[in-house]
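Sequence lines set the chain letters: A, B, ... in the order given, protein chains first and strands last, and positions in each chain run from 1.
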Amino acid sequence: MPIMSYIQAITLALREEMLRDDKVFILGEDVGKKGGVFRATDGLYDEFGEYRVLDTPLAESAIAGVGIGAAMYGMRPVAEMQFADFILPAVNQIISEAAKTRYRSNNDWSVPITIRAPYGGGVHGALYHSQSVEAIFANQPGLKIVMPSGPYDAKGLLKAAIRDNDPVLFFEHKRAYRLLKEEVPDDDYVLPIGKADIKREGTDITVITYGLCVHFALQAAEKLAEEGISTHILDLRTVYPLDKESIIKAASKTGKVLLITEDNLEGSIIGEVAAIIAENCLFDLDAPIMRLAGPDVPAMPYAPTMEKYFMVNPDKCEKAMRELAEF
Amino acid sequence: MPIMSYIQAITLALREEMLRDDKVFILGEDVGKKGGVFRATDGLYDEFGEYRVLDTPLAESAIAGVGIGAAMYGMRPVAEMQFADFILPAVNQIISEAAKTRYRSNNDWSVPITIRAPYGGGVHGALYHSQSVEAIFANQPGLKIVMPSGPYDAKGLLKAAIRDNDPVLFFEHKRAYRLLKEEVPDDDYVLPIGKADIKREGTDITVITYGLCVHFALQAAEKLAEEGISTHILDLRTVYPLDKESIIKAASKTGKVLLITEDNLEGSIIGEVAAIIAENCLFDLDAPIMRLAGPDVPAMPYAPTMEKYFMVNPDKCEKAMRELAEF
Amino acid sequence: MANRHTKLGLSDQEVLDIYKSMLLARKVDERMWLLNRSGKIPFTISCQGQEAAQVGASFALNKEKDYVAPYYRDLGIVLSFGMTVRDIMLFAFAKAEDPNSGGRQMPGHFGQKKNRIITGSSPVTTQVPHAVGFALAAKMEKKDFVSFVTLGEGSSNQGDFHEGLNFAGVHKLPVITMVENNQYAISVPLHKQIASKNVSVRSVSYGMEGITVDGNDPLAVYEAVRDARARAIAGEGGTLIEAVSYRFTAHSSDDDDNYREKEEIEQAKKQDAIVLFANYLREEKILTVELEKKMTAEINSIVNEATDYAEEAPYSMPEDTLKYVYED
Amino acid sequence: MANRHTKLGLSDQEVLDIYKSMLLARKVDERMWLLNRSGKIPFTISCQGQEAAQVGASFALNKEKDYVAPYYRDLGIVLSFGMTVRDIMLFAFAKAEDPNSGGRQMPGHFGQKKNRIITGSSPVTTQVPHAVGFALAAKMEKKDFVSFVTLGEGSSNQGDFHEGLNFAGVHKLPVITMVENNQYAISVPLHKQIASKNVSVRSVSYGMEGITVDGNDPLAVYEAVRDARARAIAGEGGTLIEAVSYRFTAHSSDDDDNYREKEEIEQAKKQDAIVLFANYLREEKILTVELEKKMTAEINSIVNEATDYAEEAPYSMPEDTLKYVYED
Ligand SMILES: Cc1ncc(C[n+]2csc(CCOP(=O)(O)OP(=O)(O)O)c2C)c(N)n1
Ligand SMILES: Cc1ncc(C[n+]2csc(CCOP(=O)(O)OP(=O)(O)O)c2C)c(N)n1
Ligand SMILES: [Mg+2]
Ligand SMILES: [Mg+2]
């Protein structure tokens, strides 16, 4: 099986889906001739032509809105937001339109669009090229939010998103793009949206997280294993709507739960995860729920000192995990 | 002390602040000559003139963005979004700009704007005139979100919001506008932003909620009192950032906690409230945390059957509270 | 000498149909106000004063192929595109059988896939990029349809108007945008909404044709849309049409209309397209007294029957609230 | 016969100052590329090719009263408005002393209240409504300043451009908008961005004056902004100016510039305003060889000194991350 980086897996998934279904097309800023500022669409313009890989004007609400219209017609648009931070001008189209179309039309119309965006920090991107924006959308029934943690998941989940008949927000960690590599089958597989995935089996503590933090948690778990601490790691994969069952099971399994997000703490995804646990398996817990997240400041600063202070990393994970294990 | 409706209290707060400080001005759709579609600015156009009560073009991103500019200059804009549902085109201005200005400029610039919007359902407003949108913003440090539950709070908190040197989103329940009446001093008082408020002292169960649901919970508590169930009710008042200390205290007090929101459940404000409790006073709990909210559907339908099914009401509160008490 | 409509290639029967559609829209609208004022439906929002633009435009489109993205006043468009009066009344009463939304949306939020009426929401102007998306699909799929989208003049100040039309302009997409300029956005008059000398001049920003027409003249609107459609199908891109008329009613049943002078309204009603077009048809001896009677009777019975049916029809079950969030 | 600049009322000293500011911006910018390529600063984004527009405009504004809302390329503007090279270098190195952001933002996100430089963010075009808000304040407070806002041509497709300028147009607010049209928005060329024949024609949508000027000619830009300012102060409202030039560098230090032909860039560089304006000043015998040497030496030493200072300066403390979320 070939070894692929996260971004190669994304490109491959796009290409496979475009070959499979000629209704699939890509639109966004610089996705065409340039192949995307991160090269996610590298080569696709040459292979599929200008209208399958469309360089749009610089206007996110139109990228989303035109995509939504095309999707209602029956196309399969994959819209790229150049950075997750720049999805915000498109919020009205995403929340008022994409999320509500099936419901408001009593199942008459639907919006099979996928909106991809690179999110996350640790790349000297400062306030507006580092944000985690998933929480903004994680209260909107009708939407699905997928955040793969590694190359294998990225390919299988992106293909699932494109085939899904409802709108999917698909957030890719920009630091993972070239950092993470693993075996990725070059055949056709899809992974289920809406299901969390156990990334490591363990018995002492449970870590529930998603995105790049899964990687950090895995690294930390390796170290702790040397000290005899056994970590169970659940990767949410789909952060909205959450896979309650898997969360409850994972939390109950060890009775000690650490939730991790790269986002700032208050109002983040892991608040809802904590609530699900507190509602459903409170009496299985042997320790208070613990959360590790960015500080509650508007976004990650540029200076390396402050960026490091903000960003979750393996050391911070390890520290929190040990503390929980020792509770 | 005069008896005032919720909306009268709002109008009075606006008027008092405009008289106190001539930098305060109002801008929004139909706020001028018409006095607002809900009459929140009734009479102010005649009293203060066109440029203190400015009818803007129909463009929410400009209402927010122009307000932000004026606020940076040193004015005190009070922007009205005609319905909370229509704040969505302004999300980029609010989250990327208002929330981050002080931080990104290292305290050099600030945005003392208040953005008012009527939210909430039970008024035959259907999907787009019934929503609770606070969760969309409740992950954005730099913002404050205030949601008063009654006329007295509305006046004191709106005055505080206008005087606050940071951006405040101020959501008023549109059904409360004429439903709720109480004594409201016509002198100058302000209430603290960032502090929750105990609306009823009790010993058996704790209800934590905000907005119109406070009223529902109070009604239910009256009934339950007849059965000997004593309810402690904490009104969050400011839903972001949350008053952790008061939440922990209220939860610990009875050990049985019901969280209520009119929003749909997953990803709502009360998820974070549950997380705070589960982190900080898990071992003080005698029952799993319980949540009562709208169903996870995109928004409240129009037909009376479905609107009623969606909407929280005193009966639903009573039922949940009794269940919790009996746990 | 040929009269106006034959010069446009319209038969006598076709202009009669146009008139009948206008009248039908008016009568349905009037009924909804009655139902609202008698407490039977909680809300209504009106097409009155805009029927000529709506119907004139619809008759210039291909009702078998084109997609329309109407806004809340476009009763005249959706009736022309195949929605029935019964459908409308089921919508007004919020009944389960309502094809637009199953009773979920407020009246006026049209949508019906089988008639290619694109589902709409309340936040204004979001439909503009959608229509551009349909037009993009037409170009990509090499299909010979156009998309037709409407909005109010106040709504043309939203960012989505600019972003959507520029997108269409860059790719010369077959989308026709008709702004129904009724002089007010709720209480705010045109000159406080829009800085340009009119709405159609905004087309220069998008490299497309722009034209302002008399929205009280269904033939003028017909001609503008017909020409726009021909250009669109020929690959020459979109057109921005401004149809100027006046809003006869309050903004909606929730509005007390306290911001404009009664005289202004009376003055505007002198240009009522229903009256003017009937006069034209009478002068041309197309609309006879007899025909008129028959038409009125027919419309009345359609409206009555639809109202009765809708009033009797059941609501959705409470638990239906939970349906159709995602595909099943 | 009077030469061009005296006809505009500019003294020899003033045009020399303009030239010097342009040159300073260029030299600072070049230094930042060197620092980036040698791994000393993680990012830079460039003004090269746009200095004439930036400096020409700044000299037509009132640097004691007017507010500017620059975008990330506007090194020429912020230097003209009082930001020092040291400030810029502190910003580039992300050091605590950076007055724009305390090292929090990426270089190019200018802001400095004491010089009335309005803080900016990365999402493009949000500054347009802000500048309109400042202009609204000027009108409300009856103050005689204008606001001046810039953006790229690609950014003029954002909704905020439309919403902001229409707001300004309706209220005839004193805001001058200058679009720096450098032909590309990252990789996307003008004709795939903008459907109108040029950017300035969009002014008709907002009932304001619009003018396209040669962005390589500081005097042409000076004249356009000077006239716009006079109109604004006279209560005649805003102006949309398009300054046409070309982006000499890659979009930013992260861009490999793989989407345009090297010849196109070489061709454009023949119009380099720094060269052309120097020639003009030489022809006019204002810029002597001696002066030029002195100027270059002075600029070099300023840039060197600033670089050294900034490189040595400390970063913020890690915990400073927590500061200034809200007012203390
Ligand atoms: C984004 C948004 N903001 C505000 C509203 C509230 N609203 C509904 S209709 C309307 C006025 C629309 O005016 P115009 O576009 O001229 O259309 P008209 O109603 O006059 O036909 C407003 C402000 C809305 N529906 N959507
Ligand atoms: C809202 C938003 N979307 C996308 C980006 C990413 N981005 C940064 S600059 C740029 C191109 C800007 O082009 P233009 O406006 O012509 O300015 P130029 O860089 O050419 O001066 C893009 C797409 C952004 N900063 N903000
Ligand atoms: Mg109107
Ligand atoms: Mg450009």
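Shown here for D/E163 and B/A62, the closest heavy-atom pair between the two residues is OE1-N, 2.8 Å. Contact detail for D/A96 and B/N106: the closest heavy-atom pair is O-ND2, 4.5 Å. Residues B/G69 and D/F134 come closest through the heavy atom pair O-CE1, 3.2 Å.
Note: B/L54 leads B/T101, B/L54, B/D22 in heavy-atom pairs under 4.5 Å with chain D. Note: B/V66 leads B/V66, B/T56, B/I68, B/D166 in heavy-atom pairs under 4.5 Å with chain D. Comparing B/M75, B/K100, B/R102, B/R104 by heavy-atom pairs within less than 4.5 Å of chain D, the highest count is held by B/R104. Comparing D/H162, D/Q127, D/E141 by how many heavy-atom pairs each has under 4.5 Å with chain B, the most go to D/E141. With chain B as the partner, the residue from D/V132, D/I118, D/V170, D/D98 showing the most heavy-atom pairs under 4.5 Å is D/I118.
Counting heavy atoms from C-beta outward, D/P129 and B/Q93 have side chains that approach closer than 4.5 Å. With a 4.5 Å cut-off on side-chain heavy atoms, B/Y51 and D/L136 count as touching.
Remark: side-chain polar atoms of D/R104 are paired, donor with acceptor, to backbone N or O of B/Y103 under 3.5 angstrom.
Looking at D/F110, neither its backbone nor its side chain comes within 4.5 Å of chain B, counting heavy atoms on both sides. With a threshold of 4.5 angstrom between heavy atoms, B/K23 approaches chain D through side-chain atoms but not through N, CA, C or O. Heavy atoms of B/M72 lying under 4.5 Å from chain D belong to its backbone as well as its side chain. Contact annotation for D/F161: neither backbone nor side-chain heavy atoms come within less than 4.5 Å of a heavy atom of chain B. Only the backbone of B/L143 has a heavy atom closer than 4.5 Å to any heavy atom of chain D.
Counting non-hydrogen atoms of other residues, nucleotides and ligands closer than 6.0 Å to NZ of D/K63 gives a total above 12. Other residues, nucleotides and ligands place no more than 12 heavy atoms under 6.0 Å from the CD atom of B/E245. Residue D/K139 qualifies as enclosed at atom NZ: its count of foreign heavy atoms under 6.0 Å is above 12. Counting heavy atoms of neighbouring residues, nucleotides and ligands inside a 6.0 Å radius, atom NZ of B/K33 does not exceed 12 of them.
Taking CE of D/M140 as the reference point, atom CD of B/E50 lies at 11.0 Å (rounded to 0.5 Å). For the atom pair CD1 (D/I117) and CG (B/D108), the distance works out to 10.0 Å, reported to the nearest 0.5 Å. Rounding to the nearest 0.5 angstrom, the gap separating the CG atom in B/N92 from the OG atom in D/S121 is 7.5 Å. Interatomic distance, CG of B/N165 versus CG of D/D328, reported as 11.5 Å (0.5 Å rounding). Between the CG atom in D/D160 and the CD atom in B/E97 there is a gap of 8.5 Å [rounded to 0.5 Å]. Between atom CH2 of residue B/W109 and atom NE2 of residue D/H130 there is a gap of 11.0 Å, rounded to the nearest 0.5 Å.
Applying a 4.5 Å heavy-atom cutoff, the residues of residues 316-326 of chain D that approach chain B are D/T321, D/K323, D/Y324, D/V325, D/Y326.
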